[in-house]
Amino acid sequence: MTPSLRPIGIFDSGLGGLTVFNAVRRLLPRENLIYFGDTAHVPYGSKSAAAVTAYSLEIARFLRGKKIKLLIVACNTASALALDELRKNLDIPVIGVLEPGVRRAMAVSKTRRIGVIGTEATIKSGAYTRKIREIEPSAKVYGLACPLFVPLVEEGWWKHRVTRLVASEYLNRLRPAKIDTLILGCTHYPVIKETIARAAGAKVELIDSAETVAQEARELLNARGLARKTGKVKIKVYVSDDPARFALRAANLPAGRLGSVALKRFS
Ligand code: DGL
């Protein structure tokens, strides 16, 4: 198949990566996309680096078998823990979500006091702090793990009062840091962005890397002559467990029509 006609592969542990999928779909409307939600293993954020790397490699191999031309790791946890391994093992370009988010945050922050919220594994990895300090060694970075957010999003409790309460509990911990910019360091979090914004306070700018990731994908495809410009678009969605549950939840997200959700179990 002509390389430009091949699909883009996008994966996450569950629903969160659909925030990136949606941005890619809007910015690159002619691309065929394959989304993989690893619902058998969600949440990734409480797993070890070895486990997340093994899951990510398995998904990447499956997607590579579907002849993808680009892999977007639409998961901060997998981007923080497994990106190098994925790049080493694949013969196609791989884009993660950390760097685009960091670049955007550095473009926006005036005080250089930056908060990062994410899963336990992402925050513990220190990957965000390292990347921010590479750009600006004197930046102050305040990381906070928010492990209850992913299950609340997967549960569909996006506007629920419990989610509001949890958000204010978490975000109050960042108040003393006086941040002006907050990176949503998990692709599930944009789903509850309004709630997080309210809890963070009006003076804090929220960074959702989905748009920046989509722009990076577009630049990369154009630069390599891999962009698909015309033709009917095919979207395929796979999950590793319970497709019906995933389809039900995803239907309420602004990801566009997904069609049927197929099951792909790994033994
Ligand atoms: N949405 C993912 C992330 O960006 C994974 C969350 C999880 O499964 O814990 O980190």
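Please read all numbers here as calculations on a predicted model, not as lab measurements. We count ligands from 1, going down the list as the structure has it; atoms in each ligand are counted the same way. Scope of the values below: all heavy atoms of this structure, side chains included, with no hydrogens, waters or symmetry mates.
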Filter the ligand 1-protein atom pairs down to N or O on both sides and distance under 3.5 Å, then list them.
{"unit_1": "ligand 1", "atom_1": "1 (N)", "unit_2": "Asp12", "atom_2": "OD1", "d": "3.0"}
{"unit_1": "ligand 1", "atom_1": "1 (N)", "unit_2": "Asp12", "atom_2": "OD2", "d": "3.4"}
{"unit_1": "ligand 1", "atom_1": "1 (N)", "unit_2": "Thr187", "atom_2": "OG1", "d": "2.9"}
{"unit_1": "ligand 1", "atom_1": "1 (N)", "unit_2": "His188", "atom_2": "ND1", "d": "2.7"}
{"unit_1": "ligand 1", "atom_1": "4 (O)", "unit_2": "Asn76", "atom_2": "N", "d": "2.7"}
{"unit_1": "ligand 1", "atom_1": "4 (O)", "unit_2": "Asn76", "atom_2": "ND2", "d": "3.1"}
{"unit_1": "ligand 1", "atom_1": "4 (O)", "unit_2": "Thr187", "atom_2": "N", "d": "2.8"}
{"unit_1": "ligand 1", "atom_1": "4 (O)", "unit_2": "Thr187", "atom_2": "OG1", "d": "3.3"}
{"unit_1": "ligand 1", "atom_1": "8 (O)", "unit_2": "Ser13", "atom_2": "OG", "d": "2.6"}
{"unit_1": "ligand 1", "atom_1": "8 (O)", "unit_2": "Tyr44", "atom_2": "N", "d": "2.6"}
{"unit_1": "ligand 1", "atom_1": "9 (O)", "unit_2": "Tyr44", "atom_2": "N", "d": "3.2"}
{"unit_1": "ligand 1", "atom_1": "9 (O)", "unit_2": "Gly45", "atom_2": "N", "d": "2.8"}
{"unit_1": "ligand 1", "atom_1": "10 (O)", "unit_2": "Asn76", "atom_2": "N", "d": "3.4"}
{"unit_1": "ligand 1", "atom_1": "10 (O)", "unit_2": "Thr77", "atom_2": "N", "d": "3.1"}
{"unit_1": "ligand 1", "atom_1": "10 (O)", "unit_2": "Thr77", "atom_2": "OG1", "d": "2.6"}

Inset, instruction - With sequence neighbours excluded, tell me which residues meet salt bridge (charged side-chain N to carboxylate O under 4.0 Å, His left out) with Arg26. - result: Glu211

Inset, instruction - Sequence neighbours left out, what passes salt bridge (charged side-chain N to carboxylate O under 4.0 Å, His left out) with Arg61? Give chain and number order. - result: none

Inset, instruction - Give a yes-or-no answer on whether the side chains of Tyr44 and Asp38 include a donor-acceptor pair shorter than 3.5 Å. - result: yes

Inset, instruction - Could you check if a side-chain atom of Arg6 sits within less than 4.5 angstrom of a side-chain atom of Asn32, using non-hydrogen atoms only? - result: no

Legend entry - Pairing residues for Asp241 by the salt bridge (charged side-chain N to carboxylate O under 4.0 Å, His left out) criterion, not counting sequence neighbours: Arg265

Legend entry - Cation over ring face, Lys236 and Tyr238, 6.0 Å, 45°: yes

